[in-house]
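In what follows, chains are A, B, ... by sequence order, proteins preceding strands, each numbered from 1.
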Number of protein chains: 2
Amino acid sequence: MAQNTASKLNETSRSAVGRDGVLDIAARLFREQGYGSVSLRKIAEAAGIKAGSIYYHFGSKDEIVAAVLDAGIQVVHASMRDAVTALPADTDGETVLRAAIRAHLRALLDVSDYTSANVRIFGQVPQSVRDANLPTRRAYEAEWDSLLSRLQEDGALKQDVDIRRLRLMLIGALNATLDWFDPDRGSADALSHTYADVFLNGILERKDA
Amino acid sequence: MAQNTASKLNETSRSAVGRDGVLDIAARLFREQGYGSVSLRKIAEAAGIKAGSIYYHFGSKDEIVAAVLDAGIQVVHASMRDAVTALPADTDGETVLRAAIRAHLRALLDVSDYTSANVRIFGQVPQSVRDANLPTRRAYEAEWDSLLSRLQEDGALKQDVDIRRLRLMLIGALNATLDWFDPDRGSADALSHTYADVFLNGILERKDA
DNA sequence: GTCTATATGGGGATAGAC
DNA sequence: GTCTATCCCCATATAGAC
């Protein structure tokens, strides 16, 4: 997210400026430590400013968290939508679904502290903050439902699976990788391939094949 | 867990006595509200005692949380092991795996506040508490790895799937149901059937069949 | 925009009476 | 076993100087 006005020096920590810089740091800390462990003091320290100064940019801690949560969904939504629309119109269903899975997993595991922070802390934030994030989430969910419905109508997916339930199962499974994914054991891309294999074909040895 | 010394009246809230009663209430509150939102004062109030009295039973909040986490895994572990060992020795691989999935999901969604609390708050508790829960978790994971390896050796599962990764995918997917499961939309048993169908056979429409 | 205070509240935890 | 009372710390948030 960030896009600071100018420099890109000192990547790791110090002197992140402005509202976006604070937001970037907050997202990273929330992803790393969860919601409850991250105080405004911690965010301020990581940003190289004092806690009170944060209130120049934000009205409350909830406002920061809400901004992080919304951006997190927007990033993964755009990633998934772009990956799908970039394909030729006549692409087969399996390839489309694989692209969507890959885009979701890349946003979550490779690209965005905002997306991973959202997945990690959504269940920890106050109800009011969760509610504020719901419309954004609904839009992303609708994108998936639309995709899955289309594939089912095209005959690519089994007819007897409930789209809503399938979406919950799939996104839930993908998001759960955040708890154990380790880039040293294989890339997010490779992992997305495995997930696609399992969801598309299952793990049972088949007598035919 | 509970097993109070005697009565079973007033199910919903008041006058839960003793260490086990406090633990039961803590587990329920952690499951419902997460770790950060549940103070000792809240637990005490729900138990019908005062906050200070909790320290007669426990040395610290961490001790309570650790006990809840351990019990949560023990319950689901026993549930899964019993379900599998109850089957005849020559039961086919698919049936065994379906039973294990069903047992895990039932413990998580139907039976135990401890198991659901564990899944919900494990990522929110202090590192030291997580570490204390690891041995118990490892034992349950080993049970799954052992089961999956056996099925793979018997030729029931595809040979090219990595057992550890498969276990992480499967347990992660099952645990994710906690975020959206709604008994009004279908039982945990029915849901376990759907999960087994997807993981075993996939969602792709097949030309053969 | 950032600083130095500081107000205010809630958290975990302890001491000692009953 | 439970109570009351209290300590101490850290959290969010505010006020006003620079």
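By the salt bridge (Lys or Arg N to Asp or Glu O under 4.0 Å) test, A:Arg130 is found to be paired with no residue, residues two or more places apart in sequence or in another chain being considered. Residues that satisfy the side-chain hydrogen bond (donor to acceptor under 3.5 Å, both in side chains) test with A:Lys50, not counting sequence neighbours, are absent from this structure. Looking at residues two or more places apart in sequence or on another chain, you find a side chain to side chain contact (heavy atoms under 4.5 Å, CB included) between A:Leu134 and A:Phe122, A:Asp131, A:Arg137, A:Arg138. For the salt bridge (Lys or Arg N to Asp or Glu O under 4.0 Å) test, no residue two or more places apart in sequence or in another chain qualifies with B:Glu153.
When rounded to the nearest whole Å, the span between OH of B:Tyr55 and P of C:dA13 equals 4 Å. One atom, CD1 of A:Ile54, and another, P of D:dA11, lie 12 Å apart when rounded to the nearest Å. Following rounding to the nearest Å, B:Ile43 (CD1) and C:dA13 (P) show an atom-to-atom distance of 11 Å. Regarding B:Lys42, its NZ atom lies at a distance of 8 Å from the P atom of C:dG11, rounded to whole Å.
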N/O to N/O distances under 3.5 Å, protein versus nucleotides 3-7 of chain C:
residue, atom, partner, partner atom, Å
C:dC3, OP2, A:Lys50, N, 2.5
C:dC3, OP2, A:Ser53, OG, 2.7

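What you find for A:Ala117 and A:Phe30 is that their closest heavy atoms are CB-CB, 4.1 Å.
Residues from residues 122-129 of chain A placing a heavy atom under 4.0 Å of any atom in DNA chain D do not occur. For the segment residues 56-68 of chain B, the set of residues with a heavy atom within less than 4.0 Å of an atom of DNA chain C comprises B:Ser60, B:Lys61, in numerical order.
A:Ser149 places no side-chain N or O within donor-acceptor distance of the main-chain N or O of A:Ser146, the cut-off being under 3.5 Å.
Applying the ring pair (Phe, Tyr, Trp, His ring centres under 6.0 Å) rule to pairs touching residues 167-189 of chain B yields nothing, sequence neighbours excluded. For residues 72-85 of chain B, the salt bridge (charged side-chain N to carboxylate O under 4.0 Å, His left out) pairs, not counting sequence neighbours, are B:Arg81-B:Glu143. For the ring pair (Phe, Tyr, Trp, His ring centres under 6.0 Å) condition, no pair includes a residue of residues 53-73 of chain A, sequence neighbours left out.
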Side chains of residues 59-70 of chain A: which donor-acceptor partners sit under 3.5 Å, not counting sequence neighbours?
residue, atom, partner, partner atom, Å
A:Ser60, OG, A:Asp62, N, 3.4
A:Ser60, OG, A:Glu63, N, 3.2
A:Lys61, NZ, A:Val38, O, 2.9
A:Glu63, OE1, A:Gly59, N, 3.0
A:Asp70, OD1, A:Asn133, ND2, 2.8
A:Asp70, OD1, A:Thr136, OG1, 3.3

Show me, pair by pair, the donor-acceptor contacts under 3.5 angstrom made by side chains of residues 104-112 of chain A, not counting sequence neighbours?
residue, atom, partner, partner atom, Å
A:His104, ND1, A:Tyr140, OH, 2.6
A:His104, NE2, A:Asn175, OD1, 2.8
A:Ser112, OG, A:Tyr114, N, 3.0
A:Ser112, OG, A:Thr115, N, 3.0

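Contact annotation: B:Ser39 side-chain N/O to C:dG10 OP1/OP2 distance is not under 4.0 Å.
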